[in-house]
Protein chains: 2
Amino acid sequence: MIKKITKPAKVVKKDLNTEEKIISAARKLFTQHGFVATKTRDIAKEAGINLALLNYYFRSKEKLFDIIMAENMINFIQSIGVVINDKNSSLEDKIYAITNNYIDLLIKQPDLPLFVLSELSRHPDKFIQKLKVNEVLSQSYLIKQYNGAVLSGKIKDVHPIHFIANILGLTVFPFVGAPMLKNISGFSNDAYIELMLERKNMIPAWMKSILIADVI
Amino acid sequence: MIKKITKPAKVVKKDLNTEEKIISAARKLFTQHGFVATKTRDIAKEAGINLALLNYYFRSKEKLFDIIMAENMINFIQSIGVVINDKNSSLEDKIYAITNNYIDLLIKQPDLPLFVLSELSRHPDKFIQKLKVNEVLSQSYLIKQYNGAVLSGKIKDVHPIHFIANILGLTVFPFVGAPMLKNISGFSNDAYIELMLERKNMIPAWMKSILIADVI
DNA sequence: TTAATTTTTAATCATTTGTTTAATTTTTTT
DNA sequence: AAAAAAATTAAACAAATGATTAAAAATTAA
């Protein structure tokens, strides 16, 4: 008699318990394909566990997803979060740190921003409130420094949300648009990563020039 | 006896034939929710037609999707496409035209970039080849102007792919990241659109300063 | 060791979903 | 007006999917 064996899709990390195996597989698949495109059976297969264990440990697909979503959101904003309230670094230092953190993070996890932004778009309310990015950022030392520099005339008077949009646009967009930009440039994946590493030094210089550019 | 009536989800555009109604509904739903999250029954309901007509006219969900995808990709790159080979405009003019085109387009269709970039990420090969963005752009007059300006020392020697990434990052990212940026800024939808309109004039100035910024 | 508890499994359920079918209605052609 | 072709419909199908169940196996407590 032939026994049907459900074997793990790839390498199931050893010395993880069942709960951790499921989280690990869910993290990978949800982040790669999003909520709707990820099937519970795919997660079970990837984790090398019985399908029923997913519900046994996490009640439902959605509850499991919420855990990964929260994880990924925090992950995504931490590149800014760890920097913004540092009293010992200049505005310029912070710009460098933010782009540097992001580029390192996104080279390791290129799917992260598209995942976070896609899922946020589908549930504008559900997740975004919890993080309180609003208060945390607007009360941050970074924004105080920015407004101070505006007042002292060191940089142009532009709403700080433009500043945030610009630094994220220059840093994160090349990863979100990677499939398109890789094709446009004809670069291989490795060459493209090299290009992203180049930007670690270029973006701070560009941001600096943006801050003093005459916009009227 | 009660007759069950399948009525259109919202307003079905008058004087459209069945085929057009389906395309119109598919365009709306696919662009809003992507391929997997959009169900054929939702399209039929939105179009106010019988479910079977979808397959009658378009064979399958995927074939219908491919039409919308092609449409949206062309739509998305046309903001650049209509500009890049104009011999009578300067590099500066082209930057302004591109950002202007994009911001107008994305205010009308905010879901467009996230849709295109998400679906491209899930099928890196399937769609991207057809457009030949690679050759069209690299052979374009815009890139010739860019390289000419580099040679004449008017702008810094930076690979043109950075230039493309930067203009798209500054212009498109604020729409892709809108749910997050709206929350951060606390702006209403209207106020946020106002912010995007502001950027029509700011981004060209910023791009100009980026082009001459010292990046070594 | 035995009993109780926890974990794992295979099978099954109820919906959902893309697609097809066969019959009916409408439109076009003769 | 009759016949042929095209469009539309309700019903159904098969596969996929999230979740549950009841039994078995493994672990822990007594």
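The chains referred to below are lettered A, B, ... by the order of the sequence lines, with proteins before strands, and numbering in each begins at 1.
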- A correct 5'-to-3' footprint of nucleotides 14-21 of chain C, with B, S and - meaning base, sugar-phosphate only and no protein heavy atom under 4.0 Å, is ---BBBBB
My understanding is that only residues two or more places apart in sequence, or in another chain, count here; which of them pass side chain to side chain contact (heavy atoms under 4.5 Å, CB included) with [X]?
| X | result |
| --- | --- |
| Ala70(A) | none |
| Ala191(A) | Phe187(A), Ser188(A) |
| Lys200(A) | Asn100(A), Ile103(A), Asp104(A), Leu197(A) |

- Message: Checking Tyr96(B) now: which residues fulfil ring-ring contact (aromatic ring centres under 6.0 Å, His included) with it, not counting sequence neighbours?
- Response: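 Tyr96(B): no ring-ring contact (aromatic ring centres under 6.0 Å, His included) contacts found.
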- Message: Test of understanding: with ring-ring contact (aromatic ring centres under 6.0 Å, His included), list the residues that count as partners of Tyr192(A), not counting sequence neighbours.
- Response: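 If we apply the ring-ring contact (aromatic ring centres under 6.0 Å, His included) test to Tyr192(A), skipping adjacent residues, there are no hits.
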- Nucleotide-level pairing of DNA chain D, given in dot-bracket where Watson-Crick and G-U pairs need both distances under 3.5 Å and | marks other strands: ||||||||||||||||||||||||||||||
- Restricting to pairs with a member in residues 38-58 of chain B, which pass ring pair (Phe, Tyr, Trp, His ring centres under 6.0 Å), not counting sequence neighbours?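 Sorted result for residues 38-58 of chain B: empty, none.
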- Message: If the condition is salt bridge (Lys or Arg N to Asp or Glu O under 4.0 Å), which residues does Lys208(A) pass it with, not counting sequence neighbours?
- Response: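 Scan of Lys208(A) (salt bridge (Lys or Arg N to Asp or Glu O under 4.0 Å), adjacent residues dropped) gives Glu92(A).
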Could you go over nucleotides 23-28 of chain C and give all protein N or O partners under 3.5 Å, atom names and distances?
none

Could you tabulate the donor-acceptor pairs under 3.5 Å formed by side-chain atoms of residues 77-85 of chain B, not counting sequence neighbours?
unit_1, atom_1, unit_2, atom_2, d
Asn85(B), OD1, Tyr141(B), N, 2.9

- Query: Taking only residues two or more places apart in sequence or in another chain, which ones pass side-chain hydrogen bond (donor to acceptor under 3.5 Å, both in side chains) with Glu198(B)?
  - Reply: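 Expected list: His162(A).
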